Amino acid sequence: MAGFLARRFLSVLFVLWAMTVLVFAIVHILPGSVAHMILGEFATDAAIVELEERLGLNQPLYLQYWHWFTGLLRGDFGQSLTMERPAAPLILEALGKSAILAGISIVLVAIVGISLGIHSATHVGTWSDRGLTLMQYFFIAVPEFFWCILVILFFAAWLGWLPATGYSPISEAGILGWARHLILPVSTLVLGLIAHISRLVRSSMLEAIESRYVLAARAKGLPERIVLRRHALPNALLPAITILAVDIGILIGGIVVVESVFAYPGLGRMLIYAIDNQDVPLMMGGMIVITTIYALANLAADILYAVLNPRIRVSGTAG
Amino acid sequence: MVDPMADAPLLDIKRMSLTYATQRGPVHALQDVSLAIPRGGAMGLVGESGSGKSSVVLAMLGLLGQGAETVCDSALFDGLDLRAAAETLRGRRIGVVFQDPAAALNPALTIGFQVAEPLVQHRGLSREAAFARAVELLGEMGIARAAQVARAYPHQLSGGMKQRAVIATALACEPELLLLDEPTTALDVTVEAQILDLLEELRRERGVSMLLVSHNLGIVDRLCDELTVLYAGRVVEQGACTELLGDPRHPYTRGLLAALPRVDRGKMGRLAPIPGGLPDLTRPIEGCNFEPRCAFAVAACALPQALRAADGRAVRCHRAEEIAGQPWPIPEAAADAVRPEKPLTLLRAEGLTRSFGHSSLLSRLSLKGLKPATDFKAVDGVSLTIGRGEVLGLVGESGCGKSTLGRLVLRLLRADSGTLHFEGKEIADEPPTAYRRRAQIVFQNPDSSLNPRQTVDEALRRPLIRFGLASGAEATKEVERLLDLVRLPPSYRQRYPHQMSGGEKQRIGIARALASRPDFLVCDEAVSALDVSVQAAVLNLLTDLRDELDVAYLFISHDIGVVAHIADRIAVMYRGAIVEEGPAREMLMPPYHPYTEALLSAVPVVGAHGRAASRIRLTGDVSSAPGTIGCRFAHRCPRHLGATCDTVEPPVRKFGEGHRIACHLTPDELKAMPPALAAE
């Protein structure tokens with residue numbers, strides 16, 4: 001177990017380092033000078049030289065990478081070019097807002113998705129299972145931005161129940177105001193993911209229900225409730241954990257879209273802003289933060305999987 | 001006072017029928033099955049796969065699931081109606097042991113918890129008290145260090161230990177009846193023998209009644225007093241076990257016995273297969289449903305047949321008396337080849353070694369320093385020769401390295417060291433195409449080795465084109481020749497795997513291996529997945545093909561009976577090395593390697609009431625082994641001599657023509673061993 005965790009941790013560190021190289025390379029090694037990219041094609045040579053000096057772009061690439069990389073380790077993400085402020089606090093603030101969105105979403109996805117999956121698996125062939133299946137395919141197939149537009153039109157513009165855009169902190173608007181701003185973005189984010197997870201839980205639960213050990217548990221004379229809860233469910237949830245971590249990647253992609261549409265001041269919207277305005281340090285910092293979150297989420301899923309799965313947690317032979 | 005129930009059977013099922021609703025219509029899985037088990041009695045239930053054996057068990061427990069409908073005149077357990085009471089009886093008064101303990105135990109729960117569960121549920125014991133009782137139960141099932149095992153998870157235990165734990169669970173609430181559904185089918189023969197001993201002891205000491213479902217007649221003969229033979233959902237014969245097997249009356253029972261390769265008879269000329277397969281159960285046959293496959297069928301067989309009872313036996317065949325004494329016909333050999341005493345060497349392997357271990361750098365890291373994890377030597381310095389047209393049988397328990405060795409001599413797997421010569425020429429790690437053409441393989445499971453999206457024609461044409469042997473119309477002719485070789489009509493060319501039976505699929509697997517006209521075939525458990533009746537036909541086919549084509553086989557099997565039937569020479573493998581090798585006829589009699597002796601005495605033989613002459617029992621299994629210095633069998637050897645065996649590599653003792661035994665026992669001690677097989 002310890003060896004397994006150590007190996008996973010080492011490989012996450014390696015992935016993160018490789019991502020710094022990749023992110024740096026995408027911005028710096030691609031054809032065209034960064035200063036040109038930032039200043040536009042009509043920039044004067046003097047302005048370019050001045051900017052290159054300021055950003056350290058006249059140094060050899062490996063030195064530039066070294067400065068940037070050691071900065072990252074110290075928590076220094078460089079200066080934002082457009083806002084003329086250190087990038088780190090900007091990124092951190094946006095990250096906090098996105099974390100609210102993502103955190104609520106992932107908890108909802110886990111709880112609702114798993115419950116629906118179990119319900120379908122234990123009611124195979126009934127109308128509720130068929131209805132859920134139909135809805136699940138529908139929500140998996142239709143992309144988020146469509147729901148964004150639809151819910152804004154319906155709940156914000158037509159019914160006027162909820163605000164269409166923005167974010168208000170609890171300190172200003174109170175819990176209710178804060179929550180009202182979150183309802184629409186969160187629900188558009190989770191629809192597809194809930195559908196996805198519940199499909200998966202349904203099939204892994206069905207597989208568990210049809211397994212020999214569940215038959216053996218029934219043959220022991222256990223009541224069906226205990227058979228399902230104690231024998232089928234723990235084994236059925238293992239694959240769901242891995243997929244939940246993969247879905248965090250999809251969630252991050254969804255957040256970029258949802259934040260843009262709902263004008264929600266999070267990391268996704270910040271990243272789009274940085275790209276639009278050629279704010280290179282902000283862009284690189286944002287990408288690194290997202291990568292780190294994704295890698296850590298997968299690490300967490302691996303650890304959880306190992307803790308819940310005795311085949312990994314306990315090794316060696318007995319007797 | 002006399003208890004009126006005392007004489008009544010514990011279990012009494014009368015005319016039980018079962019239908020499954022499927023898309024093709026209702027499948028009549030069981031038709032009028034009646035069986036009764038007296039208190040303390042043991043009933044065997046045998047038949048081919050698909051005959052409905054397991055359905056009987058599930059129907060009795062009320063665990064058939066959706067789409068299944070059971071009808072019966074009566075189903076009584078100790079006077080209670082099973083149909084209503086099954087739910088309250090299971091786990092409490094009826095214990096169940098399913099096939100394959102690896103699948104029947106929940107991987108997420110500890111052994112002790114799973115054994116204790118029925119006690120908490122039915123006896124109202126506290127978790128702690130139930131766990132303590134579970135440890136006792138595991139101990140009673142012959143598990144040493146039961147407390148430690150109780151805290152372990154299933155993946156930490158060997159197959160035999162798992163099955164002991166499953167039996168402990170079934171016995172937790174001291175049931176009166178134990179249902180055993182193929183309880184030893186997934187286990188090695190030496191472990192099977194241990195489990196059978198345990199079950200025998202349970203019967204003797206606790207008086208538990210048993211219903212044993214099995215395809216293996218030897219096991220049933222060893223454990224049961226009564227026997228029910230099931231064919232396609234109907235009982236065809238019922239009676240006392242010894243008499244029924246000694247004097248089978250229904251043609252199907254006779255066929256099953258004639259098809260069985262018998263290790264106690266060694267190399268028989270030919271086996272008697274039962275042609276054809278199970279009838280379509282969606283269209284129940286009015287008359288005898290075995291008639292299409294029966295060697296004794298006459299026109300009157302199309303009339304409905306009743307199960308006729310006479311002198312304690314029941315037979316569903318109107319000709320039973322008429323055909324008594326007539327043996328099931330054995331088909332003639334296609335060619336009567338005379339084999340040379342000493343065939344020319346075709347293949348010679350020397351010192352083949354292959355380890356498996358941790359290949360990637362990251363996985364080699366362990367926390368205790370950077371010591372690389374130890375590799376596992378699957379095949380360790382094995383040398384063997386195979387003559388032209390010779391069959392070398394390779395036996396051993398699972399995990400002994402048989403399949404790895406098969407792949408190494410085909411160069412399908414890279415050897416760490418060792419050389420391979422074919423017709424005197426060295427074959428390198430990357431063999432030339434010519435070697436691939438001349439050395440082929442037949443796999444165990446035709447379901448996974450045939451591409452489900454390819455027709456027979458495509459599967460057989462592929463090697464012809466790949467090796468440049470034929471194309472176009474010529475290839476079509478060649479495909480038909482191959483089908484003819486494996487006794488299938490040319491119309492099979494257009495079939496897909498799912499349109500064929502298991503035996504037919506395996507014939508295609510053999511035809512595909514023969515397409516390139518090889519001189520050498522590795523048959524890796526080639527008949528293990530087949531029913532006895534079909535296995536006999538495929539074994540006959542392989543024997544004929546060897547005679548017709550002069551192909552040599554490396555015949556790998558865990559079933560020593562099958563190997564003894566087909567092989568000219570036998571090699572016995574244990575933990576990566578060959579411990580004994582010799583001519584087949586000499587291998588079945590002393591001198592033996594102690595491991596061979598144990599293997600032979602573990603085989604349940606029909607007729608000897610399943611008992612071997614000498615009952616050598618191995619403890620543990622292959623996986624309980626320490627590192628390899630000295631003899632690799634020392635840790636389980638019943639004839640262990642002392643420290644020498646543990647520390648010194650055993651010398652190779654030579655007996656007669658090419659019979660070699662690697663053992664510390666002196667040649668005289670080896671020769672003085674009693675025979676392991678009971679004479680009938």
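By convention in this document, chain letters (A, B, ...) are assigned in the order of the sequence lines, proteins followed by strands, and residues within each chain are numbered from 1. Keep in mind that this is a model prediction, so the values were computed, not measured.
For residues 206-233 of chain A, heavy-atom neighbours of chain B at less than 4.5 Å comprise A:Arg212, A:Tyr213, A:Leu215, A:Ala216, A:Arg218, A:Ala219, A:Lys220, A:Gly221, A:Leu222, A:Pro223, A:Ile226, A:Arg230, A:His231, sorted by residue number.
Side-chain contact annotation: A:Arg130 with A:Thr133, donor-acceptor N/O pair under 3.5 Å absent. With no hydrogens or angles considered, no side-chain donor-acceptor pair links B:Ser49 and B:His215 at under 3.5 Å. For the residue pair B:Thr169 and B:Glu117, no side-chain donor N or O sits within less than 3.5 Å of a side-chain acceptor on the partner. Side chains of A:Arg202 and A:Gln136: a donor-acceptor N/O pair is absent below 3.5 angstrom, by distance only.
Neither the backbone nor the side chain of A:Asn309 comes within less than 4.5 Å of any heavy atom of chain B. Only the side chain of B:Leu58 comes within less than 4.5 Å of a heavy atom of chain A; its backbone N, CA, C and O stay farther away.
For chain A, the option among B:Pro107, B:Gly95, B:Ala146, B:Gly91 with the highest count of heavy-atom pairs below 4.5 Å is B:Pro107. Heavy-atom pairs under 4.5 Å with chain A peak, among B:Leu61, B:Leu105, B:Ile143, at B:Leu105. The most heavy-atom pairs under 4.5 Å with chain A, out of B:Thr110, B:Leu179, B:Val96, B:Asn106, come from B:Asn106.
Taking the side chain to side chain contact (heavy atoms under 4.5 Å, CB included) definition, one finds that A:Thr292 meets it with A:Leu16, A:Ile288, A:Leu296, sequence neighbours left out.
Ring geometry for A:Trp68 against A:Tyr65 counts as tilted: the plane angle lies between 30° and 60°, on a 0 to 90° scale.
The only option from B:Glu174, B:Glu176, B:Glu87 that meets the salt bridge (charged side-chain N to carboxylate O under 4.0 Å, His left out) definition with B:Arg93 turns out to be B:Glu176.
Across all non-hydrogen atoms, the minimal contact from B:Ala68 to B:Leu64 is CB-CB, 3.6 Å.
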